[in-house]
Trainee: 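Can you read through this structure? Questions will come right after.
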Amino acid sequence: MENYLLKMENIKKSFPGVLALEGVSVDLKKGEVLALVGENGAGKSTLMKILSGAYQPDSGEIFLNGEKIDHNYNPGKAIDMGISSIYQEFNNLPDMSVAENIFLGEIPKNAFRFIDYKKLYKDAKEIMSKVGLNCNPKLEAVHLSVAERQLLEIAKAISKDAKIIIMDEPTAPLNDEETETLFKLIKKLTAEGKSVIYISHRIEEVFKVSQRVVVLRDGKKVAVLDTKKTDKNEIVRLMVGRDIKEMFPISKTKIGETVLEVEGLDNEFIKNVSFKVRRGEILGLFGLMGSGRTKIAETIFGKEKLLSGTIKVDKKLRKINNPNAAIKAGIGYLSPDRKQDGLVLVHTVKNNISLASLEFYRMFKFFLNLKDEQKDVNKWIKRMNIKTPSINSIVESLSGGNQQKVVVAKWVNTNPDVLIMNEPTRGIDVGAKIEVYKIMENLCEKGLGIVMISSELLEIIAISDKILTVHEGEITNSFEKEDFNQENILKSALGKKEKYEQLKK
Amino acid sequence: MNNSKNNLSDRKFAGSKTVLGEINRTWGTQLSVLGAILLLVIGFSVASPYFFTFNNLVNVGHYMSIMGILAAGCTVALIIGALDVSQYSNLALTGVFCILLDRAGVSIWLIFIFALVAGTFLGLINGFIVTVLKINPIIGTIASGMVMRGVTYMITEGKALSISPENSDVYYALGRGTFLGIPITILIMALVYLVIFIILKYTAFGRQIYAVGGNSDASYLAGINIKNVRIGALMIAGATAGIGGFFLLAQLGSMQPNTGEATLLDIIAAVLIGGLSLSGGKGKLTGTILGVITLIIIQNGMTLLGIQSFWQMMVRGIIIIIAVYIDVLRGGGYK
């Protein structure tokens, strides 16, 4: 028992509509790297937010060094106890210097209680050299590269004398070389007796850094594995919880004429993007966070300004300068974050489903044909198997999967020719995922063209008919179904693009 | 396999399924406010013999109608998440212009139409400030309200203006008259509520007002012109201020340049009591009217009981804090 630095026991947490954690227990040894894997929505982040004090668990206990952590635990206390987290989104203050960022909250002061800048910069330099951040400590954080900001986050953690460092997808914004540097740093930290909880989507990394792997699925711990004694297939199978075939029940539909054709799309975020989508086809866009994959979608949908390039729907040239024009042209766009901009959470299922198609229900110019609206809404609830007590239930009270189906219904109700689906299965349980895939299959059969953006490589490979990789706003490669290969797709997404030019011909 | 999938979805399903829960969610606020009103009426009736008399009720009705009209517009603005605090300045300015037109010999009906148009136009200016200049609505309407108030003081030179004496009977007939025992201004208020109710419930524009208030990003992606919707909502708030200005003038026969300066927050308190959220997207007109009634009863009751106006001011302040705190409890808090 004394062996363990940290023990989380039987942690439970629920949010409105979702049971996020159903009694998860995790332990961590001193000097260990523990990997935490699971699909989106499996409960990884929730568990780590409980550990870092951001959320209060509904029940369960946390022991640090064998001592129970009391109930009014918060992020400040967590840091005091030596638990630091590095999130995917950085928390540094861009307009303050690197040194100030590192010592935020405990800036060294002199005898008169003023800031001791000399000591501040000296101490900062020391910690920066430890993590390999080589820049002037007076530099403002905004000037750092993404990788340097990641190192800054780690420097912050070390400055607080962290015993446990939680890293949530730390390599998402890093390239290969930077990732290697990070791994070396992790080795160094653990050699000094610090422990790391490492969350990643990339299973390969788990094998490079961790000693043990905890697999979460649907809010439950399904396995704790010794990294040396397991393999990638086993982990993936445990994460998904079923065979790949069951998971992605997409059968091939007939592919028809080109329905969307974009050529030379160019703006602040994307460069010379061209591709075609045919009726019945699912085109996958794969890229890392910040690669521009979302910007491509938003440009086609008229949310971002198009500087040059053309968009053709059904062979007709369309001028799209706002979402309304896109909808009229027959394009729908399912945004990646349904809470942010997909749903009006406080409104009813009915009002959400008809939101993008109110124009269809106008009568006498101003009024709404509520009868027709209700009929259509009921139709989608039935067809998509949306589980809701009534069409007037508040969307917020539905489960994530049903909320997502409401968003899909909203777009299908606009009667689109092309549907761009950005992370259509993010944060929903496995059962709902399968249902969403089936809906997509259905739409293809009806002759829609679908563009799917996903950060789950496994999903995009299983679902797409064709995959384009995106890096820094450009399409770097194109893969036909028979050439799908995880390694190559990932590599292309990281920016190796020589092959694309050949393929284009 | 099919079975396990369904179980999964059922387990994660958490909606209010009971009829009672549904009633509570939809009408909970209204019912509790209604309860409060009943208690207040009973309490004041016991404490003051004059409270529950026909004369007092007509009196209360006159006073309530103006505030009620403005509150209806304020409701629309708050649903899109834009608090309009310039309404009373709009009312005073519009009212003063009405007096100038009356003195120039313009007929009362044309003046009514002018008030409606002028109020709406001032709302349009608010809409411009909020959407084109992208200024926070509270700051923007405080500032535009100051400008309107300044213009009002300038025109009136700080003194009250009255309509020309030969017309005063016509105005009084409208402002203080009753129809079947009901004050005409209350009927006007009812008409305003009916029109706005229809807009909110049965028109595409109404649906868009709720949507933009509930989530403007999602509304934009759904193809809604959110700027136009916001401008439209603030124009409705302005229109009600214009109508209110006209009928207040009809009640008083004159207009003080500082009209409404002290009661600015009363409307906001009323709509918050009625269940609107400062964060937008929610709210019903029934709640607003109940909130208005509550506030008016408290004020009238206190006056009848001879409570000093300074005390009343304190009580109003406390009521506003309570009303906003209720909004916080509902999850609309300042974070």
Side-chain angles (χ1 to χ4, degrees), chain A residues 14 16-19 218 242 246 298 301-303 322-328 333 335 338-347 351-352 354-359 361-362 365-368 370 385 387-390 392-394 397-402 407 410-411 414 429-432 434-435, chain B residues 1-19 21-22 25-26 79-81 195 198-229 232 276-277 279-283 330-332:
Chain A
S14 61
V18 204
L19 200 52
D218 292 331
R242 54 194 88 195
E246 261 182 71
E298 289 178 348
F301 194 63
K303 194 184 170 198
N322 59 45
N324 192 23
I327 293 168
K328 279 189 181 139
Y333 174 57
S335 66
R338 60 181 169 270
K339 289 187 176 151
Q340 172 71 36
D341 51 18
L343 290 168
V344 186
L345 281 173
V346 294
H347 290 179
N351 288 11
N352 271 289
S354 64
L355 186 65
S357 42
L358 286 176
E359 295 307 315
Y361 304 113
R362 277 186 194 269
K365 197 156 191 285
F366 296 110
F367 291 90
L368 285 174
L370 299 178
N385 190 23
K387 293 204 181 65
T388 169
S390 87
N392 290 319
S393 299
I394 301 295
S397 69
L398 305 189
S399 71
N402 283 304
V407 187
K410 172 176 80 176
W411 288 114
T414 64
D429 64 58
V430 181
I434 296 172
E435 287 189 79
Chain B
M1 187 225 123
N2 218 347
N3 242 334
S4 73
K5 186 182 76 194
N6 283 337
N7 285 342
L8 206 67
S9 311
D10 285 337
R11 179 169 50 75
K12 301 222 165 178
F13 180 79
S16 61
K17 282 179 190 165
T18 61
V19 179
E22 195 73 13
R25 182 177 68 67
T26 328
I79 291 173
I80 62 153
V195 170
I198 289 171
I199 291 176
L200 288 179
K201 178 128 193 188
Y202 294 105
T203 69
F205 176 54
R207 188 67 70 77
Q208 290 168 344
I209 287 174
Y210 277 105
V212 171
N215 185 341
S216 58
D217 290 337
S219 302
Y220 178 67
L221 285 186
I224 293 172
N225 187 331
I226 56 175
K227 265 186 194 168
N228 285 357
V229 173
L276 258 83
S277 162
S279 43
K282 288 187 253 188
R330 287 192 208 107

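Chain naming here is simple, since letters A, B, ... match the order of the sequence lines and numbering starts at 1 in each.
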Trainee: Between B:Tyr220 and A:Lys303, which heavy-atom pair has the shortest distance, and what is it?
Mentor: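 Shortest heavy-atom separation between B:Tyr220 and A:Lys303 comes out as CE2-CG, 4.0 Å.
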Trainee: I need the residue from A:Pro323, A:Ala356, A:Gly302 with the largest number of non-hydrogen atom pairs under 4.5 Å to chain B.
Mentor: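 Among A:Pro323, A:Ala356, A:Gly302, the one with the most close pairs to chain B is A:Pro323.
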Trainee: Rounded to the nearest 0.5 Å, what's the gap from NZ on B:Lys201 to CG on A:Leu368? Could you check?
Mentor: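 Reported value, rounded in 0.5 Å steps: 12.0 Å.
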Trainee: Supply the atom-to-atom distance A:Phe367 CZ to B:Ile198 CD1, rounded to the nearest 0.5 angstrom.
Mentor: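 Separation between the atoms: 6.5 Å.
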Trainee: Would you say A:Asn322's side chain and B:Gly223's backbone share a donor-acceptor pair under 3.5 angstrom?
Mentor: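 Flag not set: sc A:Asn322 to bb B:Gly223 has no pair under 3.5 Å.
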Trainee: Look at B:Asn215, B:Thr203, B:Leu221 and state which one has the largest set of heavy-atom pairs under 4.5 Å with chain A.
Mentor: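 Looking at each of B:Asn215, B:Thr203, B:Leu221 in turn, B:Leu221 comes out on top.
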Trainee: Walk me through it: do B:Arg207 and A:Leu370 pass the test side chain to side chain contact (heavy atoms under 4.5 Å, CB included)?
Mentor: CA-CA 11 Å; B:Arg207 188 67 70 77; A:Leu370 299 178; 3.5 Å; yes
Trainee: Identify which of A:Leu358, A:Asn352, A:Leu345 forms the greatest number of heavy-atom pairs closer than 4.5 Å to chain B.
Mentor: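 Of the options given, most contacts go to A:Leu358.
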Trainee: Which value, rounded to the nearest 0.5 Å, describes the distance between B:Ile224 atom CD1 and A:Ile327 atom CD1?
Mentor: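 The distance works out to 8.5 Å.
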Trainee: Measure distances from A:Glu298 to the heavy atoms of chain B and classify the residue's part below 4.5 Å as side chain, backbone, both or neither.
Mentor: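 A:Glu298 has no heavy atom closer than 4.5 Å to chain B.
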Trainee: With only heavy atoms counted, which part of B:Ile199 is less than 4.5 Å from chain A, the side chain, the backbone, both or neither?
Mentor: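 For B:Ile199, no heavy atom lies under 4.5 Å from chain A.
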Trainee: With a 4.5 angstrom heavy-atom cut-off, which part of A:Tyr361 approaches chain B: side chain, backbone, both or neither?
Mentor: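 Neither; nothing under 4.5 Å.
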Trainee: Checking heavy atoms, do the side chain of A:Ser357, its backbone, both or neither come under 4.5 Å from chain B?
Mentor: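 Interface part for A:Ser357: neither.
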Trainee: If you round to the nearest 0.5 Å, how far is NZ of A:Lys365 from CZ of B:Phe205?
Mentor: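 Separation between the atoms: 12.5 Å.
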Trainee: Under 4.5 Å, counting heavy-atom pairs only, tell me which of A:Thr414, A:Val407, A:Val346 racks up the most with chain B.
Mentor: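 Maximum pair count with chain B is reached by A:Val346.
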Trainee: What residue, out of B:Ala211, B:Gly281, B:Ala204, B:Gly214, has the most heavy-atom pairs lying under 4.5 Å from chain A?
Mentor: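 Among B:Ala211, B:Gly281, B:Ala204, B:Gly214, the one with the most close pairs to chain A is B:Ala204.
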